[in-house]
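Let me begin by presenting the structure, written as structure tokens, before commenting on it.
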Amino acid sequence: MPNSRVNRVLCVAEKPSIAKAVANHLAGGQVNTRNIRGNPYVKNYEFQYNFQTWGACTVTMTSVLGHLLSHDFDARYKGWKSCDPSQLFEASIEDFVEESKQPLADNIQAQARNCQILYIWTDCDREGENIGTEIRSVAVKGNPSLSQPGKTVRARFSNIERAHIVNAARNPIALDEAQSNAVQSRIELDLRIGASFTRNLTLSVQPMLRQHFGNDDQGVISYGSCQFPTLGFVVERYLRVRNFVPETFWTIKVMHEKDRIKVNFRWARNHLFDRMVVVILFERCLTAKTARVTKVQTKPTSKWKPLPLTTVELQKCGSRFLRMDSARVMQVAEQLYQKGWISYPRTETDQFDRDMDLRALVQKQTQGGDWAQFAQGLLNGGFSQPRSGHNNDKAHPPIHPVNFVNPTQLTQDESRVHEFVVRRFLACCSEDARGSKTEISILYGGETFSTTGLTVLERNYLDVYKYDRWTSSQELPRFQEGEVFEPTEALMDEGKTSPPGYLTEPELIALMDANGIGTDATMAEHISKIKERQYVETRARVRGARQDDDDEAASDGEAAAAPEAGRGRGRGRARARARGGRGSAEGRGATNGMQEFIPTTLGVALVEGYENMGFEISLTKPFLRKEMELKMKAICEGRKSKAEVVHETIEQYRDVYIRTQQRLDTLRAAVRKYCFGENA
DNA sequence: GCAAGGTC
């Protein structure tokens, strides 16, 4: 067999940071770093390595910058009026290297010429698999033999610890073509559907608005499988607030003063909407005169430390604790990552690998900062292995500090995000907070009332994670089980349910996450996209802390997702389930001053217009995107082919498109109603 | 002038 001997290997990573880290681990000190022509970020690392599979080799390790290929329609379809937008469902698509990526492609093509093996080191996720095939397609142009079986391989790795990387280098596997195909179908569908609907929407609605307002202010009106459901969430909440009808309820309040401490007891029924019933129950209390203590129970309780930090969680906390919108938080996190202070900021993983040396990372934080002493305390015996969430993207560890940096070297925003990442990490490595909870119940005229008291005994992680609040309540007086007393005060009170608040950014992100809208890297972009398109606006929340109790959306994760998006149709992706079980720091008062999302008249008109067309599948709800996710999974598991998925999905949308055309007046009517204030 | 997904 000619040329079967391998002495040169070309490795290509998804990003420069991975190329550098892997090269350093494998080379053991002897690395030549070379710039490439035409791009300042990508470098070639050259070194010797003795592969288990091929023996001693000369290695070039380089990278791309995400996807290498772009996809767009043939030139003849580029003009917006060159064809009917529906032709984009079948128009031919070109795959090409965009100008800015050409130096990367040239580099790979040139390096591939002398190599016998192409070793792919992209992230081990669907997109990474697809980027791997893109790299191969370019490398093959320089060296056709790399398309032969076994000549292109990939590394399986999920972090960049030395031992893990060395192990990955010893055990190459094949690229997963199915996963790559799933991504290809996603790319094709998003392009065809997005472009056809966007052109159609813009060409039919934009002129109306420009004419009515007598200016050219109205820009593109776009449709996308992520931006529309995102808009849908905002509009749905807006309408819930607007259509809210307050209801009057009644409750019974009991207060007893003992040992000069006033204790308020909460009615077990909370409140009822039938006044007469409450009157009767209240009278029974008054008739009984005395109350009897039925339960006095003190038991240990704890407040769990937070989970390792994911991107979604970072964005939510950014809005909540740092008052930065998600796009800004990601921008700052990216800077911190590039300067080498924190790990990769786009991750879904909320579990640390067992073999990661977390103590070494804690050690670095003992050098300074307000948290230095706390970090030292962890090393002196306070360390506790972080909790594990249920999500692992198999590509990146949770976000954590990788080096110590003097905060004075950072900009103000950088320093705040960095501080959050460090404190979060140290909190993860601490013990849960411990306390003691006392619950006292009384029976009063047949009704049960109760009160609780909390004593915080050990603050532990709370000392470093200043974003969580957990404080001892006022001390309760001593009560004995069976004790009988006459309450100091008992009264019937009236109240009104109040509307939920408009959607906040953490809530919106939680909804997107739970419904699979966008990825950790793109959610913030979709949110800023619907602002840019003038579908929504944000403003600072003016009202005070929320107080009604039918608004569970003020808390986190699943709870927020269930009422709007759930509709009894399953509860979102696995990664959404792990979080938010026990609302952490999102106390109601914490929402003050946060940005809230209000749809514009155009935003409402679009959602209403499409809703009123009466399709059984809604473009403004997350189900279509979820369906796409399931179809991609089917391709990955070999249950469907790429062609099948693309075909059936296109037909589905073609149908919607045709009916949108037939019922265009419905959409126009909604625009006239909301944007022009005309009656339908 | 369109999408969503990578990454700088």
Side-chain angles (χ1 to χ4, degrees), chain A residues 13-20 38-43 63-73 77-83 85-89 91 93 98 100-101 103-104 122-123 125-135 179-180 182-203 205-206 210 216 218-230 311 330-331 333-335 337-339 344-347 393 395-396 512 516-530 532-533 619 624-625 628-629 632 649 653:
Chain A
E14 185 165 324
K15 43 192 165 252
S17 59
I18 297 288
K20 184 176 183 179
N39 187 290
Y41 307 109
V42 171
K43 313 267 185 233
S63 73
V64 287
L65 296 164
H67 281 286
L68 192 53
L69 299 185
S70 298
H71 314 269
D72 206 351
F73 299 107
Y77 298 103
K78 291 252 166 76
W80 279 43
K81 291 181 177 163
S82 64
C83 64
S86 65
Q87 279 183 265
L88 300 179
F89 288 131
I93 293 175
E98 193 209 311
S100 67
K101 299 287 177 71
L104 280 50
T122 50
D123 293 352
D125 53 22
R126 261 193 327 231
E127 296 294 331
E129 227 58 44
N130 181 257
I131 293 168
T133 62
E134 292 179 355
I135 293 166
Q179 287 194 56
S180 173
V183 171
Q184 278 179 37
S185 67
R186 195 260 315 144
I187 291 170
E188 180 173 345
L189 289 169
D190 280 335
L191 175 61
R192 293 191 186 284
I193 298 163
S196 58
F197 276 75
T198 298
R199 286 188 192 181
N200 183 40
L201 205 46
T202 304
L203 294 174
V205 177
Q206 189 190 49
R210 289 188 167 183
D216 284 355
Q218 182 57 56
V220 168
I221 304 167
S222 60
Y223 168 82
S225 59
C226 288
Q227 46 180 275
F228 248 51
T230 305
T311 303
M330 288 312 290
Q331 192 188 359
E334 177 69 27
Q335 290 162 12
Y337 160 67
Q338 286 189 34
K339 291 179 185 172
Y344 193 65
R346 289 179 280 275
T347 174
D393 63 18
H396 310 281
M512 294 172 74
I517 303 301
T519 67
D520 46 17
T522 60
M523 273 185 252
E525 288 173 33
H526 298 311
I527 294 173
S528 63
K529 177 72 76 184
I530 63 171
E532 180 193 324
R533 292 276 183 261
L619 297 181
L624 276 173
R625 193 68 187 70
M628 169 111 77
E629 194 64 31
M632 294 216 292
T649 310
Y653 276 88

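What you see is a predicted model, and the numbers here were worked out from it, not measured in a lab. Below, chain A is the first sequence line, B the second, and so on; all start at residue 1.
OP1 or OP2 of dG6(B) lies within a sub-4.0 Å distance of a side-chain N or O belonging to T519(A). Residue S222(A) places at least one side-chain N or O under 4.0 Å from the OP1 or OP2 atom of dA3(B). Side-chain N/O atoms of R199(A) include none lying less than 4.0 angstrom from OP1 or OP2 on dG1(B).
S225(A) comes within 4.0 angstrom of sugar-phosphate atoms only, judged by non-hydrogen atoms across all strands, and of no base. Residue contacts for Y344(A): at a heavy-atom cut-off of 4.0 Å it reaches the sugar-phosphate backbone alone, with no base atom in range. Contact annotation for D125(A): no contact, since no heavy-atom pair falls under 4.0 Å across all strands. Counting any heavy atom pair closer than 4.0 Å across all strands shown, Y77(A) reaches no nucleic acid atom. Nucleic acid contact for P16(A): sugar-phosphate only, since backbone atoms but no base atoms lie under 4.0 Å from a heavy atom of the residue. When heavy atoms are screened at a 4.0 angstrom cut-off, F197(A) is found touching no nucleic acid atom at all. If you check every strand for non-hydrogen atoms under 4.0 Å, R192(A) touches nothing. Nucleic acid contact class of N130(A) (heavy atoms, under 4.0 Å, all strands): none.
Side-chain proximity of A521(A) to dC2(B), dG6(B), dG5(B): nearest is dG6(B). The E525(A) side chain lies nearest to dT7(B) when the options are dT7(B), dG6(B), dC2(B). Side chain of K101(A), nearest nucleotide from dG5(B), dT7(B), dG6(B): dG6(B). Of the candidates dT7(B), dG5(B), dA3(B), the closest approach to any side-chain atom of R625(A) belongs to dG5(B). Checking dA3(B), dC2(B), dG1(B) against the side-chain heavy atoms of T202(A) singles out dG1(B) as nearest. Comparing dG5(B), dT7(B), dA3(B) by their nearest atom to the side chain of K529(A) picks out dA3(B). Checking dG1(B), dA4(B), dT7(B) against every side-chain atom of W80(A), the shortest atom distance belongs to dG1(B). The side chain of R533(A) sits closest to dC2(B) out of dA4(B), dC2(B), dT7(B).
Separation of the Y653(A) and F89(A) ring centroids does not fall under the 6.0 Å cut-off.
Regarding K43(A), its NZ atom lies at a distance of 19 Å from the P atom of dT7(B), rounded to whole Å. Atom CD in E14(A) sits about 5 Å away from atom P in dT7(B), given to the nearest Å.
Salt-bridge formation is not detected for the pair E525(A)/K529(A): no Lys NZ or Arg NE/NH1/NH2 atom is positioned less than 4.0 Å from an Asp or Glu carboxylate oxygen. Between K339(A) and E334(A), no side-chain nitrogen of the basic residue sits less than 4.0 Å from a carboxylate oxygen of the acidic one, so the salt-bridge criterion is not met.
In terms of position on DNA chain B, the residue among H67(A) and V220(A) whose nearest nucleotide sits closer to the 5' end is V220(A). In terms of position along DNA chain B, the nucleotide closest to L203(A) lies nearer the 5' end than the nucleotide closest to the other residue of the pair C226(A) and L203(A).
A donor-acceptor contact under 3.5 Å links the side chain of Q206(A) to the base of dG1(B).
Looking at residues two or more places apart in sequence or on another chain, you find a salt bridge (Lys or Arg N to Asp or Glu O under 4.0 Å) between E127(A) and R186(A).
Relative ring orientation between Y223(A) and F228(A) is described as perpendicular, the plane-to-plane angle rising above 60° on a 0-90° scale split at 30° and 60°.
Between the S196(A) side chain and the L88(A) main chain, no donor and acceptor come within less than 3.5 Å of each other.
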